[in-house]
There are 2 protein chains.
Amino acid sequence: MRLDPRHLEILAAIVDAGGLTEGAAKLGKSQPSVSRSIAFLEERVGQQLFEPRRRPLRPTELCLSLAAEGRKILDAGRAASALVQTFKSGEAGTVRVAGTPIFMDGVISGVIAEFQADHPNIRIDQSYAYIDEALEKLKQDQLDLAILPVRPGALPAEFEFRQILKGCNVIACRVDHPLTQHAEMTARDVIDYAWIAPPANSPLFQDMRALLESIGQRELKIGFTGGSLSAVLNVLAGSDSLTILPYSVVVTLQRRNQVASLPIEIGDPGRHLGIIINRSRSLHQAAIRFESFVGERIKGMSRSMASD
Amino acid sequence: MRLDPRHLEILAAIVDAGGLTEGAAKLGKSQPSVSRSIAFLEERVGQQLFEPRRRPLRPTELCLSLAAEGRKILDAGRAASALVQTFKSGEAGTVRVAGTPIFMDGVISGVIAEFQADHPNIRIDQSYAYIDEALEKLKQDQLDLAILPVRPGALPAEFEFRQILKGCNVIACRVDHPLTQHAEMTARDVIDYAWIAPPANSPLFQDMRALLESIGQRELKIGFTGGSLSAVLNVLAGSDSLTILPYSVVVTLQRRNQVASLPIEIGDPGRHLGIIINRSRSLHQAAIRFESFVGERIKGMSRSMASD
DNA sequence: TAGCCTCATAACATGAAGATATATTATTCG
DNA sequence: CGAATAATATATCTTCATGTTATGAGGCTA
């Protein structure tokens, strides 16, 4: 026999309230409505739920058992409402975000850590992707947002780009690197050292090539290539190698004394770090929160970089 | 925001079934009905519950969370249905039964123990009462049945009496009592011993008085009075006292070697043990089960008594 | 791109649940 | 014991979600 869960809810409310009238009030319904619902349930069940001819309504044993189930239903309903609330407020949910390995590991991961402290019920699904892959995933709704260095104007109109940091690369080395002792330095000084090349399909790789061309160099000694940021840092720390890294990453790492940077001017790469979203899809609240949080943090970071 | 628990049930069914059509089938509803219910819920919630334009319906994260609550509701509903079933079948519930202390402790408690082995979900509320009190409680529906020795015809018409045992009292003593050695015995032999008197308001007390009168005796040495069966038994075992007890009780106790009985004829007390119910109230299934169980057992017991 | 399969919509019927007004009944209190 | 009070049940009407069948639309697979 199938019972209407709403009837069980009503039963629970009445039993808990200790009376039909109060129970009805608690449910925001009229007393007759509740009375009839119970009559219905009683008929369906085929058993007395309240002792007849008793004016302070006295529940039957079966009634009490059923009310216990009704209470579970009420609780589940309340939990469901709460769930909806938190999801709608953006305090729960999953944000799918992707970006270049260097940025994600060097800058964004720290921001994510801060974000999660504030919003423990929002889950961040982070993955790595370069621009083409990221746009494809955004288009297919496999991604909520991408954080990438992008050349403004190079983006199809279906995507929106919100710049959060001006692009700027620097040459990085280990903290006690010999070059850090030099008072003055020219681009020529760096070509004698082994280099760590970013992944060949990354924008940084193109930036490195541009840098080399600007100092009239075609080839460099490449000692290591293809790794993640932490691999790069390990190699950097254990050798005299140099590499090119976004300034923002270097700033973050310098605070932890993990790298040093060389005071060599590198031309503006023409790319700027920003958040990309798919215009045709509206972000859900959790993603909106994350997006603005990242924006704020990175802007704060860039202010402190400017004041360095 | 208040959600309809039935919608959550439907959601759970759909998610579990992996599709709207199958979910509808599982719920025994038509597919369009379910479809619209979900549309309703979606509108109420104000969030997508399934990813749009995906034909094997793919649940949203929020949807999965809500479905989990819906599953709880489904479970509670099923539990409620099961409860009703067991109550209606008489496999659960409470039977309120009262009787004289001596019968309840001496005979019925053993039957209750057997009954509970068979019907673990039926609770027995046992209390002690003599006839007047028991009838009053039956009338006020504070009792489902009473088990009492009653003089047939002495019962108001509003009660039904179902005899389960012919009344018959015997004189009881401890197992090694001196009188048990006598080959022959007359009523006169018993008057030298101290007696344990049943409670003054009990039928047994009247039976004892009748016995005394039948042997021309007005007074007895009363050594102990007023206790429960176990108190009587303890005094009996620790002294040479005699007492009067229903034959059925003595038979039960003799099997455990706790008492002996004396072969002295006692006149029929005119009362017979039976179950009393209130005609104006119908017994619930659990009480019916208990009543017939007790009837069967006691009848079985009386058969084995007859063959002694 | 054709065809299948799943889901959404339309149109209509039904009936449960809501409200207000009112009757009925238990309990309490003088 | 009877009247007052409070609580529950009933009556009647309205509304609207749910159910139905028939049918249209659109993703998915080959």
Of all heavy-atom pairs linking A:Phe161 and A:Ile276, the shortest is CD1-CG1, 3.8 Å

Considering residues, nucleotides and ligands other than [X], do more than 12 of their heavy atoms fall under 6.0 Å from its [atom1]?
X	atom1	result
A:Arg123	CZ	no
B:Glu296	CD	no
A:Glu160	CD	yes

Can you tell me how far [atom2] of [N] sits from [atom1] of [X], to the nearest Å?
X	N	atom1	atom2	result
B:Leu49	C:dA8	CG	C1'	15 Å
A:Leu41	C:dA16	CG	P	13 Å
A:Glu51	D:dT8	CD	C1'	16 Å
A:Glu43	C:dG15	CD	C1'	14 Å
A:Glu42	C:dA16	CD	P	17 Å
B:Arg44	D:dC16	CZ	P	13 Å
A:Arg58	D:dA7	CZ	P	16 Å
B:Ile38	C:dA8	CD1	C1'	13 Å

May I have the step-by-step check of side-chain hydrogen bond (donor to acceptor under 3.5 Å, both in side chains) for A:Thr21 and A:Gln31, ending in yes or no?
CA-CA 5 Å; A:Thr21 309; A:Gln31 172 266 319; 5.6 Å; no

In terms of the angle between their ring planes, are A:Phe290 and A:Phe115 parallel, tilted or perpendicular, with boundaries placed at 30° and 60°?
perpendicular

Next on the checklist: Run the salt bridge (Lys or Arg N to Asp or Glu O under 4.0 Å) test on A:Asp75 and A:Lys72 for me, step by step, so that the C-alpha distance in whole Å, both residues' side-chain angles and the decisive distance to 0.1 Å come before the verdict.
Outcome noted: CA-CA 5 Å; A:Asp75 288 343; A:Lys72 290 185 199 168; over 6 Å; no

Exercise for review: Give a yes-or-no answer on whether the side chains of B:Gln48 and B:Thr60 include a donor-acceptor pair shorter than 3.5 Å.
Suggested key: no

Angle separating the five-pair end axes of the helix from C:dT1-D:dA30 to C:dG30-D:dC1, nearest 10°, is 40°

The contact string for nucleotides 17-25 of chain C, one letter per nucleotide 5' to 3', using protein heavy atoms under 4.0 Å with B, S and - for base, sugar-phosphate only and none, comes out as BBBBB---B

- B:Ser35 side-chain N/O to C:dA8 phosphate OP1/OP2 under 4.0 Å: yes

Determine whether B:Gln206 and B:Arg271 satisfy the following criterion, side-chain hydrogen bond (donor to acceptor under 3.5 Å, both in side chains), listing intermediate values before the conclusion. CA-CA 11 Å; B:Gln206 299 171 39; B:Arg271 285 188 205 80; 3.0 Å; yes

